[in-house]
Novice: 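I have a structure I would like to understand better, so I am pasting it below and will then ask my questions one at a time.
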There are 2 protein chains.
Amino acid sequence: MATPIYRKIKEMILQEIEDKPANSPIDSEREMAVRFDASRMTVRNAINELVEEGFLYRDKNKGTFVADRKFVKKTPVSALLQEDISEFNVLYFNVKKADEAGPEIAERLEISPDEMTLIVLRLNTLNTKPISVEEIFFIRSSISESELNNLRQLLDLNAYLKDGRIIQRFIPMLVPVQFANLLKIKMNTPIIRVETVITSKSGKPLVYIKAYNNPFEKIIEITE
Amino acid sequence: MATPIYRKIKEMILQEIEDKPANSPIDSEREMAVRFDASRMTVRNAINELVEEGFLYRDKNKGTFVADRKFVKKTPVSALLQEDISEFNVLYFNVKKADEAGPEIAERLEISPDEMTLIVLRLNTLNTKPISVEEIFFIRSSISESELNNLRQLLDLNAYLKDGRIIQRFIPMLVPVQFANLLKIKMNTPIIRVETVITSKSGKPLVYIKAYNNPFEKIIEITE
DNA sequence: TAGTGGTCTAGACCACGCC
DNA sequence: GCGTGGTCTAGACCACTAG
């Protein structure tokens with residue numbers, strides 16, 4: 001089974017609804033089962049995922065419909081990582097003991113305060129506008145030498161999400177003085193710091209991120 | 001079909017994992033199919049929902065395992081509406097034209113600025129501690145006379161979520177002076193205002209909520 | 001090799017909405 | 001009465017892991 005049938009059907013449905021207006025009906029599950037020469041349960045599996053992801057919605061006894069684009073699932077993480085960053089610059093990186101990196105780091109990564117961490121500070125921009133500054137904390141021992149030499153790849157945080165889980169906290173504060181200039185905003189501007197822990201499926205922390213977001217360039221928005 | 005078999009199985013699995021530690025394996029799908037006298041697909045349906053909700057996770061070719069409690073899905077809405085509010089007091093309510101209620105109200109509710117809206121201001125508390133102040137905007141014409149006389153029921157926003165969709169925006173700001181006292185926090189405290197639009201499945205706005213959250217009593221946290 | 005989750009089939013009955 | 005999504009069955013093969 002190279003790519004499962006239901007994935008192919010999912011892609012085909014996605015193409016078909018691409019140009020359709022919101023709330024227009026799609027073919028019934030039985031029709032598609034015939035059309036795609038698959039069983040109804042297979043078609044259903046494809047539709048289930050599209051509903052889950054916010055592309056379609058069902059109305060019992062009526063049919064399945066194209067959802068409004070604005071409801072395609074969006075979380076701060078995905079928004080932060082995927083869409084609106086066109087570029088980033090690493091401003092600083094270093095290896096330090098967890099307790100020297102910050103008071104809460106060891107706790108968040110569930111390691112001893114003596115354990116070494118890799119700290120990266122990066123500035124994310126979109127069309128030269130500063131979107132956010134991120135402090136990213138890795139556990140040194142879980143990073144190979146080759147990964148260390150390929151920061152670019154290491155910082156592709158999307159990779160961690162595939163088989164991971166996430167907890168995010170939203171902290172209101174005034175922009176820290178050292179970041180005001182970087183974000184090109186005035187001192188004492190209220191901002192939101194998003195603190196993210198990404199873990200493996202079993203709950204072991206992999207990365208901890210503190211993101212300081214420029215409220216004038218990036219509105220944090222979630223859809224579910 | 002009173003309550004579907006897979007729902008019952010779901011409940012039984014939930015009970016069984018209640019006392020199990022995180023990452024301990026549950027019975028295989030085939031075992032449960034025999035034990036619950038159902039087909040494997042029915043058991044799978046039950047497990048699918050529990051995985052989706054964050055109670056279990058799967059490892060291909062290995063089995064299905066109990067997830068860490070901290071990963072049970074949590075969104076600001078659900079946190080706001082369900083868990084941590086023990087009580088609320090309606091401080092004010094009135095019926096006004098949308099444009100008199102606020103400059104962005106008509107836009108968010110997708111109505112004409114002349115249309116009448118019901119505005120409710122409420123203070124949410126937990127153990128007498130102020131958690132948040134909410135400004136809630138309804139469309140007057142979509143509320144019946146009897147609903148108007150039962151504010152308590154109208155304000156059970158959870159009811160809207162069952163068949164609805166949500167968009168939330170997070171706005172950093174200093175606490176508005178008129179709310180500082182209510183929230184028992186100092187003036188000029190940075191807070192997060194969560195702006196929520198709840199719509200029907202088709203995308204028609206039903207309610208618009210502006211929540212001013214006390215950062216000392218309520219940390220906004222999401223898990224997915 | 002035995003067991004797991006992932007995928008798939010070809011049927012079936014139900015409750016409900018709409019005409 | 002017809003069509004819809006929701007539920008359910010009793011099988012099947014696959015790729016992969018672990019002993």
Side-chain angles (χ1 to χ4, degrees), chain A residues 1-14 16-17 20 22-67 162-165 200-202, chain B residues 1-14 16-17 20 23-67 162-165 200-202 204:
Chain A
M1 242 168 255
T3 68
I5 298 173
Y6 83 93
R7 292 258 173 207
K8 291 179 192 168
I9 293 178
K10 195 176 156 186
E11 286 309 311
M12 288 190 279
I13 296 176
L14 265 181
E16 290 182 7
I17 66 173
K20 285 196 180 180
N23 302 314
S24 55
I26 67 171
D27 290 349
S28 79
E29 298 174 354
R30 288 167 180 84
E31 276 176 317
M32 285 200 272
V34 172
R35 187 150 63 84
F36 295 135
D37 190 28
S39 83
R40 188 180 152 211
M41 288 306 278
T42 300
V43 170
R44 210 175 148 72
N45 198 354
I47 295 179
N48 276 344
E49 292 202 357
L50 291 171
V51 169
E52 187 55 43
E53 291 161 15
F55 291 99
L56 298 174
Y57 68 89
R58 295 190 217 261
D59 248 12
K60 218 183 10 182
N61 310 320
K62 291 190 186 172
T64 305
F65 303 85
V66 177
K162 283 188 187 135
D163 286 296
R165 291 153 167 277
S200 69
K201 278 197 236 176
S202 66
Chain B
M1 241 168 253
T3 68
I5 298 173
Y6 83 94
R7 293 261 174 203
K8 291 180 190 165
I9 293 178
K10 195 177 157 186
E11 286 309 311
M12 289 190 276
I13 296 175
L14 264 181
E16 290 182 9
I17 66 174
K20 285 196 180 180
N23 302 314
S24 55
I26 66 170
D27 290 348
S28 77
E29 297 174 355
R30 286 169 181 82
E31 277 176 315
M32 285 200 272
V34 172
R35 187 150 62 83
F36 295 135
D37 190 29
S39 82
R40 188 179 154 215
M41 289 306 276
T42 300
V43 171
R44 210 175 148 73
N45 199 354
I47 295 178
N48 276 343
E49 292 203 357
L50 291 171
V51 168
E52 187 55 41
E53 290 162 15
F55 290 100
L56 299 174
Y57 68 90
R58 295 190 218 258
D59 248 12
K60 225 211 301 214
N61 310 318
K62 291 188 183 171
T64 305
F65 303 85
V66 177
K162 282 185 187 138
D163 287 296
R165 291 156 166 274
S200 68
K201 279 198 234 174
S202 66
K204 178 179 164 21

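In the text below, chain A, chain B and the rest are named by the order of the sequence lines, each starting its count at 1.
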Novice: Looking only at heavy atoms, which two atoms of A:Asp59 and A:Phe65 are closest? And how far apart?
Specialist: CB-CE1, 3.7 Å

Novice: Taking all non-hydrogen atoms of both residues, which atom of A:Ala38 and which atom of A:Ile9 are closest, and how far apart?
Specialist: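 Heavy atoms of A:Ala38 and A:Ile9 come nearest at CB-CD1, 4.0 Å.
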
Novice: Any side-chain N or O of A:Ser28 under 4.0 Å from OP1/OP2 of D:dT4?
Specialist: yes

Novice: Which heavy atom in B:Arg35 sits nearest to a heavy atom in B:Asp27, and how many Å separate them?
Specialist: NH2-OD2, 2.9 Å

Novice: Using whole Å, report how far NZ of B:Lys62 lies from C1' of D:dA15.
Specialist: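 Going from B:Lys62 (NZ) to D:dA15 (C1'), I get 14 Å.
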
Novice: Note the angle between the end axes of the helix from C:dT1-D:dA18 to C:dC18-D:dG1, five pairs defining each, rounded to 10 degrees.
Specialist: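 Its terminal axes enclose an angle near 0°.
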
Novice: How about B:Lys8 and B:Thr3: do any of their side-chain heavy atoms sit closer than 4.5 Å?
Specialist: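 B:Lys8 reaches B:Thr3 side chain to side chain.
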
Novice: What is the distance, rounded to the nearest whole Å, between atom CG of A:Asp27 and atom P of D:dT4?
Specialist: 9 Å

Novice: So, is A:Thr64 close to the D:dG5 phosphate, meaning a side-chain N or O under 4.0 Å from OP1 or OP2?
Specialist: yes

Novice: Please list, by residue number, the residues of residues 29-46 of chain B whose heavy atoms come closer than 4.0 Å to an atom of DNA chain C; answer none if no residue qualifies.
Specialist: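 Hits under 4.0 Å, by residue number: B:Glu29, B:Arg30, B:Arg40, B:Met41, B:Arg44.
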
Novice: Between A:Met32 and A:Met12, is any pair of side-chain heavy atoms under 4.5 Å apart?
Specialist: no

Novice: Atom CD1 of B:Ile5 to atom P of C:dC14: distance rounded to whole Å?
Specialist: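 Distance check: B:Ile5 CD1 to C:dC14 P gives 13 Å.
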
Novice: May I have the distance from B:Arg58 (atom CZ) to D:dT17 (atom P), rounded to whole angstrom?
Specialist: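 About 17 Å, once rounded to whole Å.
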
Novice: Expressed as a whole number of angstroms, how long is the span from A:Asp59:CG to D:dG6:C1'?
Specialist: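 From A:Asp59 CG to D:dG6 C1': 13 Å.
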
Novice: Using atom CD of B:Glu49 as one end and atom P of D:dC8 as the other, report the distance to the nearest whole Å.
Specialist: 11 Å

Novice: If you define the side chain from C-beta out and look only at heavy atoms, does anything of B:Leu56 sit under 4.5 Å from B:Ile13?
Specialist: yes

Novice: Indicate yes or no: at least one non-hydrogen side-chain atom of B:Leu50 is less than 4.5 angstrom from one of B:Thr64.
Specialist: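 No. Closest side-chain heavy atoms not under 4.5 Å.
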
Novice: Over how many whole Å does the gap from B:Asn61 atom CG to C:dG3 atom P extend?
Specialist: 15 Å

Novice: Nearest heavy-atom pair of A:Ala67 and B:Arg165: which atoms, and what distance?
Specialist: CB-NH2, 3.8 Å

Novice: Using whole Å, report how far OH of B:Tyr57 lies from P of C:dG6.
Specialist: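 Nearest whole value for this atom pair: 13 Å.
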
Novice: Where do B:Tyr57 and B:Asn23 come nearest, in terms of heavy atoms and distance?
Specialist: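 In this case the closest contact between B:Tyr57 and B:Asn23 is OH-OD1, 2.6 Å.
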
